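As structure tokens, the structure follows; a few thoughts come after it.
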Amino acid sequence: MATQFITETKRTHTCGQLTGADVGKDVVLFGWVHNFRDHGGAVFIDLRDREGLTQVVFEPDAKEAHDLAAMVRSEWCIGIRGKVLSRGKNVNPNMKTGEIEVRGSELTVFNKAETPPFELTDNTNTAEAKRLQYRYLDLRRAPLQKSLITRSKMNALTRAYLVEKGFLELETPFMGKYTPGGARNFLVPSRLNPGKFYALAESPQLYKQLFMVAGFERYFQIVKCFRDEDLRLDRQPEFTQIDVEMSFVKQDDVFEVIEGLIAKLWGDVLGVKVPTPFPRLDFDESMAKYGNDKPDLRFGLPHVVLTDVVRQHGAEGGVPMFVDAVAAKGIVKAMVVPAQYSLSRAESDKLEEYVKGMGAKGLARAKVGESGEWTQSPLSKTISLALRTAINTACEAKPGDLILFQFGRESMVQTVMANLRVHIAKKLKLIPEYGSGGVWNFLWVVNPPLFEYDEDAKTWAAAHHAFTRPHDSDVQYLETDPGKVKCWRYDVVLNGFEIGGGSIRLHDPAVQSRVFQALGIGEEDARNKFGFLLDALKFGAPPHGGIAIGMDRLAMLLTNAESLRDVIPFPKTQNGQDVMTAAPGEVDERQLKEVFVKTAV
RNA sequence: GGGGAGUUAGUUCAGCUGGUUAGAACGCCGGCCUGUCACGCCGGAGGUCAGGGGUUCAAGUCCCCUACUCCUCGCCA
């Protein structure tokens, strides 16, 4: 028989609140049964709410409550009334409330619970699919509660910071017009417009520029974006950005705002002082040394570009594979694994399997001997002394070092080497498998090329988007040497993750049309795709620029989570499915008819 | 679309070279227990070995297909 005190009583404290200072108080606590220990006489219940755990003890002398307490089980939702007692010598130093316990006099069962499908312990190793299926239970676990509470705090801090800096929180549509290029859009059929579709916004990019044209000067939004692309541990089909756009600014102004925001988040949430301004790394240098534009600088293992060395030595060098790769406009790169991290033969064979999975044909390697000779390498037989010496020098290779090579198509070599660098660093424990290890290496990657050459289509394509402003000094090359044009685009990177990116926009219609020409986009074509923005730019558009920060990634890194899924309450699995609700699901014929859609599976 | 790893009790896993009745821990249920906090002790229940097909005297184990999960390349202006 439940005592019904709940109807006339309010909760007085949370389960994370009571300390020795509260001894003697009458309290009412509500929460869930985290654990229980029945000693036949005393029954202990660890009561949990989002603030923490409190031990409640029921003694036999309070018979009604004691008998009921002996029946409660894990995850029942209950309320208790009792008196705060000191635990005396039985203090539990592992609990925030370990100085005290509540001696229960009354107990109400709000709701019983079935036995949970998995134990709701802090350190679970239950399969993620199972946890996602019962996400509402998984979310009861303290680590996830803590992460989402942190995320809530990040949202509040972000709003406060940006509002204080004069930014306006303005909203943009999710349902918009499909624009070609970029990420695949999720499509939404329109019932009122048969045969036509909205596209869910992959970002508020174009709208936020219109806010600048409209004269709002400083805009931000914490906003969902939708991209129908394959998932990764740091990619979900719907994700949240801190979207920012500013008028009358240079790159440095954007950097200052974002550095301040990140320093505030890390300071207020973690108590970590992040030094600003962040270091800046030239895009070209990043590609040369790390193979991508989001380098993890917590460790070394830089790449060495050998393309020129190979070219100089030519056929004399004795490595036809290198020469062929360079002749086919490919590149040659090397990476040194220092002797102190010696890899076994089996381990380097495994590395070869790993790189083959990314499209590499193999993994050439050479062990450097006492006098610079190479062993354990098929290259050692034919390579000339001169080339070998040149490579050793370029790599600063010492006896015992292992040199790993990759050559061929530039994009493949960069991808393979970039991933290999991180893979080896994890293997050698230079960086933790997950989390930051307490090291936060923020940086800006700057001055990338405006265009990249599309090998398949044999055309120049916008590396970011078609509205990025080129460096004034490079505008002269738009027609003659497009690959040489650098632009005001930037990415902010933390520990190997791109946590945000943006650009100063191109607001000059004359340069804009030259950019379109370089991209092979005709005037009519441009009008069809971006007409409204091009029109808008004609009406006194201010110089402007902005950035979007990946809020999920930021939260993941800030909370040391293993994946984005740990900082998103209801995430999708790698196939984009929600295993709890079974979305996406089929709909009936009538619904499809209503929106004039036929499936063709 | 490609590569890799995986799926055995409610959960996490073990299960060798194919061979009798598929095990452990935790959880769950029952009993005992007044100071535990990973309580303890005794007893018990619990299995479509992901699904389908094949090889074999015999398949959790070998082969093929499918589904699902995770990592990854492509993709993500």
Side-chain angles (χ1 to χ4, degrees), chain A residues 34-47 53-61 66 70 73-75 85 87-95 97-98 101 103 114-134 137 179-185 202-203 205-206 225-237 239 350 353-360 411-412 415-416 418-419 422-423 426 433-434 448 450-452 454 456 461-468 489 498 501 503 519 529-530 550 562-563 565 572-575 577 579:
Chain A
H34 188 66
N35 194 14
F36 59 92
R37 296 169 294 280
D38 183 349
H39 286 249
V43 175
F44 297 95
I45 291 175
D46 296 332
L47 193 64
L53 285 174
T54 298
Q55 173 167 288
V56 185
V57 59
F58 291 91
E59 302 280 0
D61 52 1
H66 176 266
R73 291 294 182 265
S74 292
E75 299 307 318
L85 302 180
R87 288 217 215 167
K89 285 180 186 151
N90 289 322
V91 164
N92 184 343
N94 301 319
M95 288 173 79
T97 62
E101 64 187 356
R103 181 165 175 151
E114 287 184 16
T115 302
F118 51 91
E119 293 173 63
L120 303 186
T121 53
D122 286 3
N123 293 314
T124 186
N125 53 356
T126 300
E128 209 176 356
K130 183 64 69 177
R131 290 168 45 203
L132 291 177
Q133 188 187 342
Y134 297 94
L137 295 180
T179 49
R184 288 186 194 91
N185 293 100
E202 62 186 66
S203 80
Q205 180 63 42
L206 299 178
C225 303
F226 306 89
R227 294 181 189 175
D228 187 7
E229 297 293 345
D230 283 14
L231 284 72
R232 290 282 190 281
L233 72 82
D234 63 346
R235 276 164 32 187
Q236 282 274 311
F239 60 99
K350 261 186 148 174
E353 288 305 305
Y354 172 72
V355 298
K356 279 180 175 172
M358 289 182 290
S411 58
M412 184 278 292
T415 296
V416 168
N419 284 298
V422 175
H423 186 79
K426 283 179 179 164
E433 184 74 23
Y434 297 105
L450 182 61
F451 305 112
E452 53 196 28
D454 184 333
D456 299 329
H464 189 51
H465 64 68
F467 303 100
T468 301
R489 194 191 111 206
E498 181 199 319
S503 62
L519 289 169
K529 288 174 178 166
F530 316 106
E562 290 184 10
S563 106
R565 295 183 294 271
K572 307 279 191 287
T573 68
Q574 194 152 40
N575 281 348
Q577 297 179 2
V579 291

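Everything numeric in this text was worked out from a predicted model, so none of it was measured.
No option in A:L231, A:L132, A:V579 other than A:L231 meets the side chain to side chain contact (heavy atoms under 4.5 Å, CB included) test with A:K572. Just one residue in the list A:D38, A:V56, A:N35, A:V57 forms a side chain to side chain contact (heavy atoms under 4.5 Å, CB included) with A:F44, and that residue is A:V57.
Put simply, the side chain of A:H66 gets close to the backbone of A:G41: a donor and an acceptor are under 3.5 Å apart. Within the 3.5 Å criterion, the main-chain N or O of A:E202 finds a donor-acceptor partner in the side chain of A:R227. A:E229 places a side-chain N or O within donor-acceptor distance of the main-chain N or O of A:R184, the cut-off being under 3.5 Å. Without hydrogens or angle criteria, A:T97 side chain to A:L53 main chain gives a donor-acceptor distance under 3.5 Å. For A:E433 (side chain) and A:K426 (main-chain N/O), no donor-acceptor pair under 3.5 Å exists by modelled atom type. A:R235 contributes a side-chain N or O that, together with a main-chain N or O of A:D230, makes up a donor-acceptor pair within less than 3.5 Å. For A:T124 (side chain) and A:T121 (main-chain N/O), no donor-acceptor pair under 3.5 Å exists by modelled atom type.
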Each nucleotide N or O in nucleotides 22-27 of chain B that has a protein N or O under 3.5 Å away: list the pair and distance.
| unit_1 | atom_1 | unit_2 | atom_2 | d |
| --- | --- | --- | --- | --- |
| B:rC26 | O2' | A:E119 | OE1 | 3.0 |
| B:rC26 | O2' | A:E119 | OE2 | 2.7 |
| B:rG27 | O4' | A:E119 | OE2 | 3.3 |

I'd like a list of close polar pairs between nucleotides 74-76 of chain B and the protein, N/O only, cut-off under 3.5 Å.
| unit_1 | atom_1 | unit_2 | atom_2 | d |
| --- | --- | --- | --- | --- |
| B:rG74 | OP1 | A:T415 | OG1 | 3.2 |
| B:rG74 | N7 | A:R232 | NH2 | 3.1 |
| B:rG74 | O6 | A:D230 | OD2 | 3.2 |
| B:rG74 | O6 | A:R232 | NH1 | 3.2 |
| B:rG74 | O6 | A:R232 | NH2 | 3.3 |
| B:rG74 | N1 | A:D230 | OD2 | 2.7 |
| B:rC75 | O2' | A:E229 | OE1 | 2.5 |
| B:rC75 | O2 | A:R235 | NH2 | 3.1 |
| B:rC75 | N3 | A:R235 | NH1 | 3.2 |
| B:rC75 | N3 | A:R235 | NH2 | 2.8 |
| B:rC75 | N4 | A:R235 | NH1 | 3.1 |
| B:rC76 | O2 | A:R235 | NH1 | 3.3 |
| B:rC76 | N3 | A:R235 | NH1 | 3.1 |

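Rounded to whole Å, the separation between the C1' atoms of B:rG47 and B:rA24 comes to 15 Å. Using C1' as the reference atom, B:rU17 and B:rG43 are 38 Å apart when rounded to the nearest Å. Nucleotides B:rU55 and B:rC63, compared at atom P, are 15 Å apart to the nearest Å. B:rG4 and B:rA25: their P atoms are spaced 37 Å apart (whole Å). To the nearest whole angstrom, the two C1' atoms, one in B:rC42 and one in B:rC49, are 31 Å apart. On the C1' atoms, B:rG60 is 14 Å away from B:rC13, given to the nearest whole Å. Across the P atoms, B:rG52 and B:rC41 are found 41 Å apart, a figure rounded to whole Å. Here the separation of B:rA14 from B:rA5, taken at their P atoms, is 16 Å to the nearest Å.
By the side-chain hydrogen bond (donor to acceptor under 3.5 Å, both in side chains) test, A:D46 pairs with A:R37, sequence neighbours left out. In this view, A:R73 and A:F36, A:W76 satisfy the side-chain contact (heavy atoms from CB on, under 4.5 Å) rule, not counting sequence neighbours. Checked against side-chain contact (heavy atoms from CB on, under 4.5 Å), A:P117 has the following partners two or more places apart in sequence or in another chain: A:Y134, A:L137.
Base pairing analysis places B:rC16 opposite nothing; no Watson-Crick or G-U wobble pair with both distances below 3.5 Å involves it. Remark: B:rC28 base-pairs with B:rG44; criterion is Watson-Crick or G-U wobble with both hydrogen-bond distances under 3.5 Å. For B:rC62, the paired nucleotide is B:rG54, the pair qualifying as Watson-Crick or G-U wobble because both relevant distances are below 3.5 Å. The partner of B:rA5 is B:rU69, judged by Watson-Crick or G-U wobble contacts that both fall below 3.5 Å. Across all strands shown, B:rU34 has no partner, as no Watson-Crick or G-U wobble contact with both distances under 3.5 Å is found.
Contacts of A:A461 with the nucleic acid, taken as non-hydrogen atoms under 4.0 Å apart, are absent. Across all strands, A:L233 comes closer than 4.0 Å only to sugar-phosphate atoms, never to a base (heavy-atom distances). Using a 4.0 Å heavy-atom cutoff across all strands shown, A:A466 reaches no nucleic acid atom at all. Residue A:K130 is in sugar-phosphate contact alone, with no base atom involved, counting any heavy-atom pair closer than 4.0 Å across all strands shown. Here A:R489 lies out of heavy-atom contact (under 4.0 Å) with every strand.
We find that CD of A:E114 is positioned 12 Å from C1' of B:rG10, with the value rounded to whole Å. At whole-Å resolution of the value, CD in A:Q574 and P in B:rG3 are 15 Å apart. Rounding to whole angstrom units, CG of residue A:D234 and C1' of B:rC70 are separated by 14 Å. To the nearest angstrom, C1' of B:rG3 lies 13 Å from CG of A:N419. Between the NZ atom of A:K572 and the C1' atom of B:rC68 there is a distance of 17 Å, given to the nearest Å. The interatomic distance linking A:Q577 (CD) with B:rU69 (C1') rounds to 10 Å, in whole Å. In this structure, A:R131 atom CZ and B:rU12 atom P are separated by 11 Å, rounded to whole Å.
Listed pair A:N575 / B:rU69 meets the phosphate criterion, a side-chain N or O lying under 4.0 Å from OP1 or OP2.
Ring planes of A:F530 and A:F467: perpendicular class, angle over 60° (limits at 30 and 60°).
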Item to complete: Sugar-phosphate means primed atoms, P, OP1 and OP2; the rest is base. With that split, encode nucleotides 34-41 of chain B 5' to 3' as B, S or - using protein heavy atoms under 4.0 Å.
Response: BBBB-B--
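Side-chain proximity of A:T126 to B:rC73, B:rC70, B:rU12: nearest is B:rU12.
Both A:Y354 and A:A129 lie near RNA chain B, and the one whose nearest nucleotide falls closer to the 5' end is A:A129. Between A:E128 and A:P117, the residue anchored closer to the 5' end of RNA chain B is A:P117, taking for each the nucleotide with the nearest heavy atom.
Within 6.0 Å of CG in A:N123 there are 12 or fewer heavy atoms belonging to other residues, nucleotides or ligands.
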